[in-house]
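Protein chains get the first letters and strands the later ones, always in sequence-line order, with residue 1 at the start of each.
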2 protein chains.
Amino acid sequence: MARKPADQSVNRDTILHAAADVLRRNGYEATTMKDIASEVNLTAASLYHHFRNKDDLLLAVLEGGLDLVIQKIEPIVNSDISPTEKLREMVRLHVLTLTHNTAVGAAMIFEIRPLMNLKASGRNGSHHSDDFIVKRDAFFAQREYFEILFRRVVQEGIEKGEFREVDIPIYTKSIIGANNWVAVWYKEGGRLSGEAIAELIADGAIRAIKAD
Amino acid sequence: MARKPADQSVNRDTILHAAADVLRRNGYEATTMKDIASEVNLTAASLYHHFRNKDDLLLAVLEGGLDLVIQKIEPIVNSDISPTEKLREMVRLHVLTLTHNTAVGAAMIFEIRPLMNLKASGRNGSHHSDDFIVKRDAFFAQREYFEILFRRVVQEGIEKGEFREVDIPIYTKSIIGANNWVAVWYKEGGRLSGEAIAELIADGAIRAIKAD
DNA sequence: TAGATAATCGAATATGAATTTAATTATATC
DNA sequence: GATATAATTAAATTCATATTCGATTATCTA
(Lines give C-alpha, C1' and ligand atoms only; values in the text may rest on other atoms or scores of the structure.)
Protein backbone atom coordinates (compact mmCIF):
# COMPACT_ATOMS: atom_id res chain seq x y z
CA MET A 1 0.00 0.00 0.00
CA ALA A 2 2.08 2.84 1.30
CA ARG A 3 5.46 3.33 -0.21
CA LYS A 4 8.49 3.28 1.97
CA PRO A 5 11.04 6.01 1.56
CA ALA A 6 13.35 5.19 -1.28
CA ASP A 7 17.00 4.88 -0.39
CA GLN A 8 18.14 7.72 -2.51
CA SER A 9 15.40 10.00 -1.35
CA VAL A 10 16.26 12.78 0.96
CA ASN A 11 14.83 12.05 4.35
CA ARG A 12 13.76 14.24 7.18
CA ASP A 13 17.00 13.76 9.00
CA THR A 14 19.19 14.77 6.11
CA ILE A 15 17.21 17.94 5.75
CA LEU A 16 17.54 18.65 9.44
CA HIS A 17 21.28 18.36 9.24
CA ALA A 18 21.46 20.62 6.23
CA ALA A 19 19.18 23.12 7.89
CA ALA A 20 21.33 23.08 10.98
CA ASP A 21 24.33 23.91 8.85
CA VAL A 22 22.67 26.80 7.15
CA LEU A 23 21.26 27.97 10.44
CA ARG A 24 24.68 28.09 11.97
CA ARG A 25 26.05 30.06 9.05
CA ASN A 26 23.24 32.47 8.45
CA GLY A 27 21.21 32.73 11.59
CA TYR A 28 17.53 32.08 12.02
CA GLU A 29 15.91 34.83 10.03
CA ALA A 30 18.49 34.91 7.29
CA THR A 31 18.07 31.24 6.60
CA THR A 32 15.85 30.70 3.60
CA MET A 33 14.05 27.60 2.53
CA LYS A 34 15.94 27.78 -0.72
CA ASP A 35 19.26 27.82 1.13
CA ILE A 36 18.31 24.67 2.96
CA ALA A 37 16.92 23.01 -0.12
CA SER A 38 20.03 23.70 -2.18
CA GLU A 39 22.14 22.09 0.48
CA VAL A 40 20.41 18.79 -0.20
CA ASN A 41 19.78 19.33 -3.89
CA LEU A 42 16.11 19.92 -3.61
CA THR A 43 13.85 22.80 -4.43
CA ALA A 44 12.28 24.83 -1.70
CA ALA A 45 8.89 23.42 -2.58
CA SER A 46 10.07 19.92 -1.80
CA LEU A 47 10.79 20.79 1.76
CA TYR A 48 7.10 21.22 2.34
CA HIS A 49 6.65 17.54 1.77
CA HIS A 50 8.71 16.90 4.85
CA PHE A 51 7.85 19.84 7.05
CA ARG A 52 4.75 21.89 7.49
CA ASN A 53 6.65 25.15 7.15
CA LYS A 54 9.85 26.98 7.88
CA ASP A 55 9.22 27.45 11.55
CA ASP A 56 8.45 23.79 11.98
CA LEU A 57 11.61 22.83 10.22
CA LEU A 58 13.86 25.15 12.11
CA LEU A 59 12.26 24.34 15.39
CA ALA A 60 12.87 20.68 14.70
CA VAL A 61 16.54 21.50 14.24
CA LEU A 62 16.70 23.27 17.55
CA GLU A 63 14.85 20.48 19.31
CA GLY A 64 17.22 17.92 17.89
CA GLY A 65 20.28 19.82 18.97
CA LEU A 66 19.01 20.43 22.44
CA ASP A 67 17.94 16.85 22.96
CA LEU A 68 21.33 15.69 21.89
CA VAL A 69 23.17 17.68 24.54
CA ILE A 70 20.69 16.77 27.19
CA GLN A 71 21.13 13.12 26.38
CA LYS A 72 24.83 13.52 27.01
CA ILE A 73 24.50 15.55 30.18
CA GLU A 74 21.65 13.82 31.92
CA PRO A 75 23.35 10.51 32.77
CA ILE A 76 26.19 12.35 34.41
CA VAL A 77 23.90 14.21 36.75
CA ASN A 78 22.39 10.94 37.86
CA SER A 79 25.63 9.06 38.20
CA ASP A 80 27.36 8.64 41.55
CA ILE A 81 30.64 10.39 40.90
CA SER A 82 31.47 13.48 42.94
CA PRO A 83 29.87 16.81 42.09
CA THR A 84 33.27 18.08 41.03
CA GLU A 85 33.69 15.31 38.53
CA LYS A 86 30.10 15.65 37.44
CA LEU A 87 30.52 19.29 36.69
CA ARG A 88 33.77 18.72 34.88
CA GLU A 89 32.20 16.07 32.70
CA MET A 90 29.12 18.13 32.00
CA VAL A 91 31.09 21.12 30.86
CA ARG A 92 33.39 18.94 28.87
CA LEU A 93 30.57 17.20 27.07
CA HIS A 94 28.62 20.36 26.52
CA VAL A 95 31.55 21.99 24.80
CA LEU A 96 32.51 18.83 22.97
CA THR A 97 29.04 18.39 21.59
CA LEU A 98 29.10 21.96 20.39
CA THR A 99 32.35 21.49 18.55
CA HIS A 100 31.49 18.11 17.11
CA ASN A 101 27.99 18.88 16.04
CA THR A 102 28.93 22.33 15.02
CA ALA A 103 25.79 22.73 13.05
CA VAL A 104 23.26 21.34 15.44
CA GLY A 105 25.09 22.63 18.44
CA ALA A 106 25.37 26.18 17.30
CA ALA A 107 21.82 26.28 16.08
CA MET A 108 20.57 24.89 19.33
CA ILE A 109 22.30 27.36 21.51
CA PHE A 110 22.11 30.37 19.37
CA GLU A 111 19.35 31.34 17.10
CA ILE A 112 16.72 31.62 19.74
CA ARG A 113 16.25 35.34 19.86
CA PRO A 114 13.59 35.45 17.15
CA LEU A 115 11.79 32.61 18.83
CA MET A 116 11.96 34.25 22.21
CA ASN A 117 10.67 37.34 20.59
CA LEU A 118 7.78 35.48 19.05
CA LYS A 119 7.12 34.31 22.56
CA ALA A 120 6.92 37.81 23.86
CA SER A 121 4.36 39.17 21.47
CA GLY A 122 4.61 37.84 17.93
CA ARG A 123 5.46 41.02 16.15
CA ASN A 124 4.78 40.98 12.42
CA GLY A 125 1.39 39.58 11.61
CA SER A 126 2.77 36.10 11.76
CA HIS A 127 0.31 33.25 11.84
CA HIS A 128 1.54 30.43 14.02
CA SER A 129 -0.31 27.21 14.44
CA ASP A 130 -1.21 26.15 17.94
CA ASP A 131 0.93 23.15 17.24
CA PHE A 132 3.93 25.37 16.68
CA ILE A 133 3.29 27.36 19.81
CA VAL A 134 3.15 24.19 21.83
CA LYS A 135 6.37 22.84 20.38
CA ARG A 136 8.12 26.12 20.85
CA ASP A 137 7.11 26.31 24.45
CA ALA A 138 8.28 22.76 24.94
CA PHE A 139 11.59 23.77 23.47
CA PHE A 140 11.96 26.58 25.94
CA ALA A 141 11.03 24.24 28.74
CA GLN A 142 13.82 21.93 27.62
CA ARG A 143 16.26 24.80 27.70
CA GLU A 144 15.20 25.47 31.25
CA TYR A 145 15.72 21.84 32.04
CA PHE A 146 19.17 21.87 30.55
CA GLU A 147 20.12 24.69 32.86
CA ILE A 148 18.48 22.99 35.79
CA LEU A 149 20.70 19.98 35.31
CA PHE A 150 23.69 22.19 35.89
CA ARG A 151 22.13 23.94 38.83
CA ARG A 152 21.37 20.66 40.45
CA VAL A 153 24.99 19.60 40.36
CA VAL A 154 26.18 22.95 41.60
CA GLN A 155 23.73 22.72 44.45
CA GLU A 156 24.90 19.24 45.29
CA GLY A 157 28.51 20.34 45.25
CA ILE A 158 27.78 23.16 47.64
CA GLU A 159 25.90 20.89 49.98
CA LYS A 160 28.75 18.41 50.02
CA GLY A 161 31.20 21.17 50.68
CA GLU A 162 33.13 20.65 47.47
CA PHE A 163 32.01 23.96 46.06
CA ARG A 164 31.96 27.37 47.61
CA GLU A 165 28.64 29.05 48.12
CA VAL A 166 28.20 30.71 44.78
CA ASP A 167 25.05 32.35 43.58
CA ILE A 168 23.75 29.31 41.79
CA PRO A 169 21.82 30.92 38.93
CA ILE A 170 24.57 33.37 38.13
CA TYR A 171 27.35 30.85 38.29
CA THR A 172 25.36 28.41 36.19
CA LYS A 173 24.51 30.93 33.55
CA SER A 174 28.11 32.08 33.39
CA ILE A 175 29.37 28.59 32.82
CA ILE A 176 26.76 27.83 30.22
CA GLY A 177 27.51 31.17 28.59
CA ALA A 178 31.21 30.45 28.40
CA ASN A 179 30.47 27.05 26.92
CA ASN A 180 27.97 28.29 24.42
CA TRP A 181 30.29 31.02 23.34
CA VAL A 182 32.46 28.33 21.85
CA ALA A 183 29.82 27.93 19.19
CA VAL A 184 30.48 31.50 18.17
CA TRP A 185 34.18 31.29 17.58
CA TYR A 186 35.01 27.65 17.09
CA LYS A 187 36.22 26.66 13.64
CA GLU A 188 37.32 23.20 12.71
CA GLY A 189 41.02 22.79 12.14
CA GLY A 190 42.03 25.47 14.60
CA ARG A 191 44.95 25.44 16.98
CA LEU A 192 43.22 23.23 19.53
CA SER A 193 40.98 20.21 19.17
CA GLY A 194 37.46 20.23 20.51
CA GLU A 195 38.69 17.88 23.21
CA ALA A 196 41.45 20.19 24.29
CA ILE A 197 39.17 23.19 24.34
CA ALA A 198 36.59 21.29 26.34
CA GLU A 199 39.18 20.26 28.91
CA LEU A 200 40.47 23.75 29.37
CA ILE A 201 37.08 25.27 29.80
CA ALA A 202 35.98 22.54 32.18
CA ASP A 203 39.08 23.15 34.22
CA GLY A 204 38.30 26.84 34.51
CA ALA A 205 34.73 26.11 35.51
CA ILE A 206 35.88 23.90 38.36
CA ARG A 207 38.49 26.33 39.58
CA ALA A 208 35.93 29.09 39.69
CA ILE A 209 33.73 27.19 42.05
CA LYS A 210 36.00 24.94 44.09
CA ALA A 211 35.72 25.54 47.82
CA ASP A 212 38.76 27.40 49.10
CA MET B 1 22.35 79.30 5.05
CA ALA B 2 22.07 75.78 6.23
CA ARG B 3 19.43 74.99 8.69
CA LYS B 4 20.45 73.58 12.01
CA PRO B 5 18.62 70.55 13.29
CA ALA B 6 15.45 71.66 15.01
CA ASP B 7 15.13 70.76 18.64
CA GLN B 8 12.14 68.55 18.22
CA SER B 9 13.57 66.77 15.26
CA VAL B 10 14.71 63.25 15.70
CA ASN B 11 18.44 63.12 15.46
CA ARG B 12 20.82 60.45 14.44
CA ASP B 13 21.51 59.46 17.97
CA THR B 14 17.91 58.98 18.92
CA ILE B 15 17.45 56.71 15.97
CA LEU B 16 20.50 54.74 16.92
CA HIS B 17 19.14 54.15 20.37
CA ALA B 18 15.80 53.07 19.05
CA ALA B 19 17.44 50.80 16.54
CA ALA B 20 19.53 49.26 19.27
CA ASP B 21 16.39 48.50 21.20
CA VAL B 22 14.68 46.85 18.30
CA LEU B 23 17.85 45.02 17.44
CA ARG B 24 18.08 43.57 20.88
CA ARG B 25 14.49 42.43 20.77
CA ASN B 26 14.26 41.12 17.26
CA GLY B 27 17.73 40.33 16.05
CA TYR B 28 19.50 41.67 13.03
CA GLU B 29 17.53 40.26 10.16
CA ALA B 30 14.17 40.48 11.83
CA THR B 31 14.61 44.15 12.51
CA THR B 32 12.74 46.21 9.96
CA MET B 33 13.14 49.82 9.11
CA LYS B 34 9.50 50.31 9.98
CA ASP B 35 10.09 48.84 13.43
CA ILE B 36 12.84 51.29 14.06
CA ALA B 37 10.93 54.19 12.60
CA SER B 38 7.85 53.49 14.70
CA GLU B 39 9.96 53.53 17.80
CA VAL B 40 10.76 57.19 17.16
CA ASN B 41 7.46 58.11 15.53
CA LEU B 42 8.81 58.40 12.06
CA THR B 43 8.09 56.63 8.83
CA ALA B 44 10.58 54.23 7.37
CA ALA B 45 11.23 56.65 4.56
CA SER B 46 12.43 59.27 6.98
CA LEU B 47 15.20 57.10 8.23
CA TYR B 48 16.86 57.40 4.87
CA HIS B 49 17.40 61.04 5.53
CA HIS B 50 19.69 60.07 8.37
CA PHE B 51 21.24 56.86 7.12
CA ARG B 52 22.16 55.59 3.72
CA ASN B 53 20.43 52.28 4.26
CA LYS B 54 19.58 49.58 6.76
CA ASP B 55 23.01 48.06 6.91
CA ASP B 56 24.55 51.43 7.52
CA LEU B 57 22.14 52.13 10.30
CA LEU B 58 22.55 48.82 12.04
CA LEU B 59 26.25 48.83 11.65
CA ALA B 60 26.32 52.25 13.26
CA VAL B 61 24.48 50.78 16.21
CA LEU B 62 27.00 48.01 16.59
CA GLU B 63 29.90 50.42 16.26
CA GLY B 64 28.43 52.64 18.90
CA GLY B 65 27.93 49.82 21.34
CA LEU B 66 31.36 48.42 20.85
CA ASP B 67 33.06 51.77 21.19
CA LEU B 68 31.23 52.37 24.40
CA VAL B 69 32.54 49.23 26.07
CA ILE B 70 36.01 49.78 24.76
CA GLN B 71 36.01 53.26 26.18
CA LYS B 72 35.22 51.80 29.57
CA ILE B 73 37.72 48.99 29.38
CA GLU B 74 40.70 50.68 27.81
CA PRO B 75 41.68 53.00 30.65
CA ILE B 76 41.76 50.08 33.04
CA VAL B 77 44.21 48.16 30.93
CA ASN B 78 46.51 51.13 30.91
CA SER B 79 46.18 51.96 34.57
CA ASP B 80 48.73 50.81 37.12
CA ILE B 81 46.63 48.65 39.37
CA SER B 82 47.45 44.96 39.62
CA PRO B 83 46.43 42.57 36.85
CA THR B 84 44.02 40.95 39.24
CA GLU B 85 42.28 44.20 39.92
CA LYS B 86 42.41 45.13 36.28
CA LEU B 87 40.70 41.94 35.26
CA ARG B 88 38.10 42.30 37.95
CA GLU B 89 37.29 45.80 36.85
CA MET B 90 37.20 44.91 33.20
CA VAL B 91 34.78 42.07 33.72
CA ARG B 92 32.71 44.17 36.04
CA LEU B 93 32.44 47.04 33.59
CA HIS B 94 31.85 44.82 30.64
CA VAL B 95 28.90 43.20 32.34
CA LEU B 96 27.67 46.43 33.80
CA THR B 97 27.70 48.15 30.45
CA LEU B 98 25.72 45.28 29.02
CA THR B 99 23.07 45.52 31.67
CA HIS B 100 22.85 49.29 31.67
CA ASN B 101 22.90 49.79 27.97
CA THR B 102 20.80 46.76 27.45
CA ALA B 103 19.98 47.80 23.95
CA VAL B 104 23.35 48.88 22.72
CA GLY B 105 25.16 46.27 24.69
CA ALA B 106 23.16 43.33 23.49
CA ALA B 107 23.20 44.52 19.93
CA MET B 108 26.91 45.02 20.03
CA ILE B 109 27.73 41.62 21.31
CA PHE B 110 25.10 39.66 19.62
CA GLU B 111 23.73 40.27 16.23
CA ILE B 112 26.95 39.74 14.39
CA ARG B 113 26.30 36.42 12.77
CA PRO B 114 24.71 37.88 9.64
CA LEU B 115 27.55 40.31 9.35
CA MET B 116 30.15 37.64 9.78
CA ASN B 117 28.34 35.69 7.20
CA LEU B 118 28.40 38.59 4.80
CA LYS B 119 32.08 38.65 5.46
CA ALA B 120 32.50 35.04 4.50
CA SER B 121 30.91 35.18 1.11
CA GLY B 122 27.97 37.52 0.85
CA ARG B 123 25.30 34.94 0.11
CA ASN B 124 22.16 36.46 -1.39
CA GLY B 125 22.88 38.83 -4.21
CA SER B 126 23.38 41.63 -1.78
CA HIS B 127 24.87 44.85 -3.02
CA HIS B 128 27.13 46.39 -0.46
CA SER B 129 28.92 49.63 -0.96
CA ASP B 130 32.66 49.67 -0.55
CA ASP B 131 32.04 52.10 2.21
CA PHE B 132 29.98 49.54 4.05
CA ILE B 133 32.56 46.83 3.58
CA VAL B 134 35.22 49.07 5.02
CA LYS B 135 33.14 49.99 8.02
CA ARG B 136 32.18 46.43 8.64
CA ASP B 137 35.77 45.30 8.56
CA ALA B 138 36.68 48.08 10.93
CA PHE B 139 33.98 46.86 13.24
CA PHE B 140 35.43 43.39 13.24
CA ALA B 141 38.85 44.80 13.87
CA GLN B 142 37.45 46.58 16.91
CA ARG B 143 36.01 43.37 18.19
CA GLU B 144 39.42 41.83 17.90
CA TYR B 145 40.85 44.74 19.77
CA PHE B 146 38.33 44.38 22.53
CA GLU B 147 39.44 40.82 23.04
CA ILE B 148 43.06 41.77 22.85
CA LEU B 149 42.61 44.15 25.74
CA PHE B 150 41.59 41.22 27.89
CA ARG B 151 44.36 39.02 26.62
CA ARG B 152 46.89 41.65 27.42
CA VAL B 153 45.84 41.79 31.04
CA VAL B 154 45.76 38.03 31.33
CA GLN B 155 49.24 37.89 29.89
CA GLU B 156 50.44 40.51 32.31
CA GLY B 157 48.92 38.65 35.21
CA ILE B 158 50.67 35.46 34.22
CA GLU B 159 53.98 37.22 33.86
CA LYS B 160 53.64 38.77 37.26
CA GLY B 161 52.76 35.44 38.77
CA GLU B 162 49.30 36.53 39.88
CA PHE B 163 47.59 34.24 37.40
CA ARG B 164 48.20 30.63 36.62
CA GLU B 165 49.39 29.72 33.16
CA VAL B 166 46.09 29.42 31.40
CA ASP B 167 45.67 29.08 27.67
CA ILE B 168 45.24 32.77 27.05
CA PRO B 169 42.89 32.71 24.06
CA ILE B 170 40.65 30.06 25.54
CA TYR B 171 40.45 31.64 28.95
CA THR B 172 39.81 35.05 27.43
CA LYS B 173 37.08 33.82 25.15
CA SER B 174 35.45 31.96 28.00
CA ILE B 175 35.34 35.03 30.17
CA ILE B 176 34.03 37.21 27.40
CA GLY B 177 31.50 34.53 26.56
CA ALA B 178 30.25 34.36 30.13
CA ASN B 179 29.98 38.13 30.21
CA ASN B 180 28.25 38.42 26.90
CA TRP B 181 25.81 35.73 27.83
CA VAL B 182 24.38 38.17 30.33
CA ALA B 183 22.95 40.05 27.40
CA VAL B 184 20.93 36.96 26.56
CA TRP B 185 19.21 36.46 29.84
CA TYR B 186 19.36 39.75 31.70
CA LYS B 187 16.06 41.49 32.26
CA GLU B 188 15.67 44.69 34.17
CA GLY B 189 14.03 44.36 37.53
CA GLY B 190 15.25 40.86 38.16
CA ARG B 191 16.44 39.38 41.42
CA LEU B 192 19.86 40.99 41.22
CA SER B 193 21.03 44.39 40.11
CA GLY B 194 23.43 44.77 37.24
CA GLU B 195 26.04 45.75 39.81
CA ALA B 196 25.53 42.60 41.81
CA ILE B 197 25.63 40.40 38.74
CA ALA B 198 28.77 42.10 37.54
CA GLU B 199 30.49 41.55 40.88
CA LEU B 200 29.62 37.90 41.02
CA ILE B 201 30.80 37.20 37.53
CA ALA B 202 33.99 39.16 38.03
CA ASP B 203 34.65 37.18 41.15
CA GLY B 204 34.29 33.92 39.31
CA ALA B 205 36.56 35.11 36.53
CA ILE B 206 39.32 35.89 39.03
CA ARG B 207 38.96 32.65 40.91
CA ALA B 208 39.25 30.72 37.70
CA ILE B 209 42.61 32.22 36.92
CA LYS B 210 44.22 33.04 40.25
CA ALA B 211 47.58 31.32 40.71
CA ASP B 212 47.29 28.46 43.17
C1' DT C 1 9.82 88.50 5.28
C1' DA C 2 12.41 85.71 1.85
C1' DG C 3 15.15 82.11 0.60
C1' DA C 4 17.52 78.01 1.57
C1' DT C 5 17.91 73.77 3.41
C1' DA C 6 16.53 70.21 6.79
C1' DA C 7 13.14 66.91 8.05
C1' DT C 8 9.42 64.46 7.11
C1' DC C 9 5.87 61.89 4.72
C1' DG C 10 2.70 59.26 1.25
C1' DA C 11 2.86 56.70 -2.44
C1' DA C 12 5.18 53.99 -5.87
C1' DT C 13 8.75 50.48 -7.00
C1' DA C 14 11.22 46.42 -6.80
C1' DT C 15 12.50 42.35 -5.00
C1' DG C 16 12.99 38.37 -2.28
C1' DA C 17 10.93 34.70 0.26
C1' DA C 18 7.35 31.62 2.08
C1' DT C 19 3.87 28.99 0.72
C1' DT C 20 0.29 26.68 -2.51
C1' DT C 21 -1.08 24.12 -6.39
C1' DA C 22 -1.30 21.02 -9.97
C1' DA C 23 1.37 18.06 -12.42
C1' DT C 24 5.16 14.64 -12.91
C1' DT C 25 8.22 10.90 -11.65
C1' DA C 26 9.57 7.00 -8.94
C1' DT C 27 8.86 2.96 -6.31
C1' DA C 28 6.66 -0.05 -3.23
C1' DT C 29 3.11 -3.75 -2.92
C1' DC C 30 -0.33 -6.57 -5.00
C1' DG D 1 2.38 -5.26 -14.96
C1' DA D 2 -1.15 -2.21 -12.34
C1' DT D 3 -1.88 1.00 -8.98
C1' DA D 4 -1.57 3.57 -4.93
C1' DT D 5 1.28 6.56 -2.70
C1' DA D 6 5.75 8.95 -1.87
C1' DA D 7 8.86 12.39 -3.58
C1' DT D 8 9.73 15.95 -6.23
C1' DT D 9 9.18 19.92 -9.20
C1' DA D 10 7.92 24.30 -11.95
C1' DA D 11 5.13 27.85 -11.82
C1' DA D 12 1.88 30.87 -9.64
C1' DT D 13 0.52 33.43 -5.46
C1' DT D 14 1.00 36.33 -1.79
C1' DC D 15 3.05 39.36 1.04
C1' DA D 16 6.51 41.94 3.59
C1' DT D 17 10.22 44.90 3.27
C1' DA D 18 13.92 47.88 1.61
C1' DT D 19 14.41 51.65 -1.00
C1' DT D 20 13.28 55.69 -4.12
C1' DC D 21 10.86 59.86 -5.43
C1' DG D 22 8.34 63.97 -5.41
C1' DA D 23 5.90 66.83 -2.59
C1' DT D 24 5.19 69.13 1.80
C1' DT D 25 6.32 71.31 6.12
C1' DA D 26 9.34 73.46 9.44
C1' DT D 27 12.94 76.35 10.81
C1' DC D 28 17.23 78.52 10.31
C1' DT D 29 19.92 82.72 8.55
C1' DA D 30 20.07 86.82 6.06
Under a 4.0 Å threshold between the charged nitrogen and the carboxylate oxygen, would B:D55 count as salt-bridged to B:K135? no
Check the distance between C:dG16's P and B:K54's NZ and give it to me in whole angstrom. 14 Å
What integer distance in Å separates A:N53:CG from D:dT13:P? 22 Å
Side chain to side chain, A:R152 and A:I148, heavy atoms closer than 4.5 Å: yes
Nearest-angstrom distance from the residue atom CZ of B:R12 to P of C:dA7: 12 Å
Here the distance between atom C1' of D:dT19 and atom NZ of B:K34, to the nearest Å, is 15 Å
Using atom CG of A:N26 as one end and atom P of C:dA17 as the other, report the distance to the nearest whole Å. 11 Å
Contact residues, residues 36-52 of chain A to DNA chain C [heavy atom, < 4.0 Å]: A:A45, A:Y48
Please determine whether side-chain contact (heavy atoms from CB on, under 4.5 Å) holds for the pair A:H94 and A:V182, giving the CA-CA distance in whole Å, both sets of side-chain angles, and the decisive distance to 0.1 Å. CA-CA 10 Å; A:H94 182 192; A:V182 172; over 6 Å; no
Distance-only criterion, 3.5 Å: show the donor-acceptor pairs between side-chain atoms of residues 197-207 of chain A and protein atoms not counting sequence neighbours.
from   : atom 1 : to     : atom 2 : distance (Å)
A:D203 : OD2    : A:R207 : NE     : 3.2
A:D203 : OD2    : B:R164 : NH1    : 3.4
A:R207 : NH1    : B:D212 : OD1    : 2.7

Go through it in stages, so that I can follow the logic: the residues are B:M90 and B:K72, the test is side-chain contact (heavy atoms from CB on, under 4.5 Å), and I'd like the CA-CA distance, side-chain angles, deciding distance and then a yes or no. CA-CA 8 Å; B:M90 290 169 79; B:K72 301 265 188 188; over 6 Å; no
Atom-pair distance (CE on B:M33; P on D:dT19), nearest Å: 6 Å
Whether A:K54 side chain and A:T31 backbone form a donor-acceptor pair below 3.5 Å: yes
